[in-house]
2 protein chains.
Amino acid sequence: MTSPAKGSGAVNERPQYVRISDLLRDRIASGSYGVGALLPTEGELCREFRSSRHTVREALRLLTTAGLISCRQGSGCRVMAAVPHQNYVHAMRSLDQLFQYASDTRFFIEKTEVAVPEPGNFPDIGTDGAEWLIVRGLRLKRDEDIPICASTVLVNKTYTDIAEDLATGAGAIYRRIEKRFGVEVAEVVQDITVTSMPARAALAMSLTQTDVAVQVRRRYLDKDKRVILASVNYHPADRFSYTMQLRREGAKRPWS
Amino acid sequence: MTSPAKGSGAVNERPQYVRISDLLRDRIASGSYGVGALLPTEGELCREFRSSRHTVREALRLLTTAGLISCRQGSGCRVMAAVPHQNYVHAMRSLDQLFQYASDTRFFIEKTEVAVPEPGNFPDIGTDGAEWLIVRGLRLKRDEDIPICASTVLVNKTYTDIAEDLATGAGAIYRRIEKRFGVEVAEVVQDITVTSMPARAALAMSLTQTDVAVQVRRRYLDKDKRVILASVNYHPADRFSYTMQLRREGAKRPWS
DNA sequence: CAGTGGTCTAGACCACCCC
DNA sequence: GGGTGGTCTAGACCACTGA
């Protein structure tokens with residue numbers, strides 16, 4: 001039960017650091033080390049398990065990766081959760097995969113202006129009287145005239161100068177802003193609902209207001225949760241499809 | 001440029017292992033170490049950077065975590081990708097967050113049978129002539145009669161016995177199967193489209209076939225990609241809303 | 001200031017892969 | 001068998017935290 005590894009003969013067990021990690025895991029799960037509490041120091045754990053510091057640290061690293069503890073130089077390792085976090089993730093290499101636009105689309109700009117957006121359309125962006133750069137346009141399948149969606153993009157006034165670039169070149173607006181201003185989109189919130197087609201979108205796509213539309217709204221936030229850019233897109237419902245794939249990650253034991 | 005750490009005076013730089021990791025990163029990004037190739041051995045890296053093996057391994061660990069390399073005992077560390085993976089993740093602690101059902105809903109079963117599903121409705125499940133346990137029902141807001149959606153659930157014949165449990169107790173079907181049969185949902189694929197309300201769903205929810213419906217299909221796969229369970233849900237469009245939040249993770253440098 | 005975790009060295013044995 | 005990465009030890013200096 002104590003020390004199987006090292007130079008002793010039979011080593012056909014799991015590594016020591018895994019066993020230590022599992023043991024600590026159990027203590028955390030059972031509440032022996034409650035959430036918010038400090039773990040014993042590395043030195044104490046070394047003595048308890050009669051292991052070197054490196055081995056103990058390896059065990060702590062596993063717990064850190066699992067999100068169970070968080071260590072800070074000078075103070076100690078604190079229990080953050082009793083069970084591992086993040087069971088399923090929808091991962092993507094780039095935001096483009098979120099949008100699921102085929103690479104052969106282009107964005108045709110109808111109008112660009114700096115104005116105060118009429119309220120009601122963007123209830124959750126905090127557009128209370130502030131001015132935004134408003135870009136309206138159509139996303140088209142390249143080399144065809146089939147519109148994918150009608151878009152309205154609201155750009156934070158800080159980045160208004162991006163308007164100069166939009167006429168030329170290509171690429172998503174958010175990525176151009178990232179490049180030109182050196183900011184980073186840290187978070188995107190997207191929601192999908194079904195509505196009827198608004199007048200402007202219907203006109204732009206040669207549809208009528210009785211047609212059904214899928215409204216996709218997105219907010220792009222920087223690390224301080226400021227809105228860099230927001231967009232509202234109306235898709236003809238019969239052409240809309242959204243697929244996502246989630247896979248399980250981490251956390252094997254505490255769920256059986 | 002060579003060795004700043006250790007006992008030498010000024011140590012106010014980033015740790016050695018970070019610098020080594022960054023350097024290797026650059027070589028991978030630039031193609032010096034191409035995708036699929038083997039990295040130099042740990043011993044060689046130790047000599048090149050005049051560092052201990054521990055330090056080099058720490059650097060390699062960073063690259064492993066970033067998904068850039070993959071190391072195997074006996075053979076070596078292989079370059080897996082030139083740029084980090086998984087830039088944005090939609091993380092959730094449980095699949096329930098994917099479905100976004102409020103906790104105060106219940107599932108009312110109308111009918112349970114073992115049969116061959118009519119084709120056309122489930123094109124991508126591989127239901128070619130095989131029998132499935134088919135469960136039809138309504139998801140309701142608890143203590144009210146407002147239906148949230150009409151559901152058809154197809155359970156792999158392996159788990160047909162779960163039918164016995166469904167009449168009693170509560171909980172999502174997938175989770176009951178997990179518990180009873182000791183399997184694990186390793187992956188979920190979900191897609192969202194807009195259609196008209198099918199006859200059966202319209203009837204069940206006191207709607208008409210001219211009403212607009214949001215169709216949400218899901219496949220639950222085990223680790224071998226076998227379908228454990230699939231479901232098709234029809235939501236009244238005016239009550240449907242789907243929100244997701246993605247945050248950036250890892251991978252800071254190669255995107256500017 | 002004492003004590004913590006973060007980094008680093010030098011050396012060792014082992015399990016695994018490939019020749 | 002020879003070389004690889006995986007695990008482990010013993011000891012050291014440093015940066016940070018908190019009293």
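Side chains are part of it too, since the values below use all heavy atoms of this structure and drop only hydrogens, waters and symmetry mates.
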Residues in side-chain hydrogen bond (donor to acceptor under 3.5 Å, both in side chains) contact with B:R78, at least two apart in sequence or another chain: none

Stepwise side-chain contact (heavy atoms from CB on, under 4.5 Å) check, A:L133 with A:D161: CA-CA 9 Å; A:L133 172 67; A:D161 290 351; over 6 Å; no

Options C:dG6, D:dT9, D:dG5, nucleotide nearest the side-chain atoms of B:C71: D:dG5

For B:L23, all residues meeting side-chain contact (heavy atoms from CB on, under 4.5 Å), sequence neighbours excluded: B:R27, B:F49

B:Y17 vs C:dC8: side-chain N/O to OP1/OP2 distance below 4.0 Å: no

Contact under 4.0 Å: B:R57 side-chain N or O vs D:dG5 OP1/OP2: no

Nucleotide C:dG6, atom P - distance to CZ of B:R14 in whole Å: 18 Å

Those residues that, when tested against A:E44, pass salt bridge (charged side-chain N to carboxylate O under 4.0 Å, His left out) (two or more places apart): none

Side-chain donor or acceptor of A:E178 paired with backbone N/O of A:V185 under 3.5 Å: yes

Partners passing ring-ring contact (aromatic ring centres under 6.0 Å, His included) against A:Y159 (at least two apart in sequence or in another chain): A:F181

Whole-Å distance separating the NE2 atom of A:H54 from the C1' atom of C:dA10: 13 Å

Contact residues, residues 38-45 of chain B to DNA chain D [heavy atom, < 4.0 Å]: B:T41, B:E42

Gap between atoms CG and C1', on A:L60 and C:dT4 respectively (whole Å): 12 Å

Interface polar pairs with nucleotides 16-19 of chain D, N/O, under 3.5 angstrom:
| from | atom 1 | to | atom 2 | distance (Å) |
| --- | --- | --- | --- | --- |
| D:dC16 | O4' | A:Q73 | OE1 | 3.0 |

Residue list, ring-ring contact (aromatic ring centres under 6.0 Å, His included) with B:Y220, at least two apart or on another chain: B:Y174

Interatomic distance where CZ belongs to B:R19 and P belongs to C:dG6 [whole Å]: 20 Å

Nearest-Å distance for atom pair CD1/C1', residues B:I20 and C:dT7: 12 Å

Value in whole Å for how far the C1' atom of D:dG6 lies from CG of A:L62: 13 Å

Nucleotide nearest A:P15 when distance is taken to its side chain, options C:dT9, C:dG6, D:dC8: D:dC8

Contacts of type side-chain contact (heavy atoms from CB on, under 4.5 Å), residue A:S151, not counting sequence neighbours: A:F107, A:C149, A:N233

Interatomic distance, B:R50 CZ vs C:dC8 P [rounded to whole Å]: 16 Å

Can I get a per-line list of side-chain donor-acceptor pairs under 3.5 Å for residues 67-77 of chain A, giving both atom names and the distance, sequence neighbours left out?
| from | atom 1 | to | atom 2 | distance (Å) |
| --- | --- | --- | --- | --- |
| A:S75 | OG | A:R72 | O | 3.4 |

Of A:R53 and B:G76, the one whose closest DNA chain D nucleotide lies more 5': B:G76

Value in whole Å for how far the C1' atom of D:dC13 lies from CD of B:Q16: 13 Å

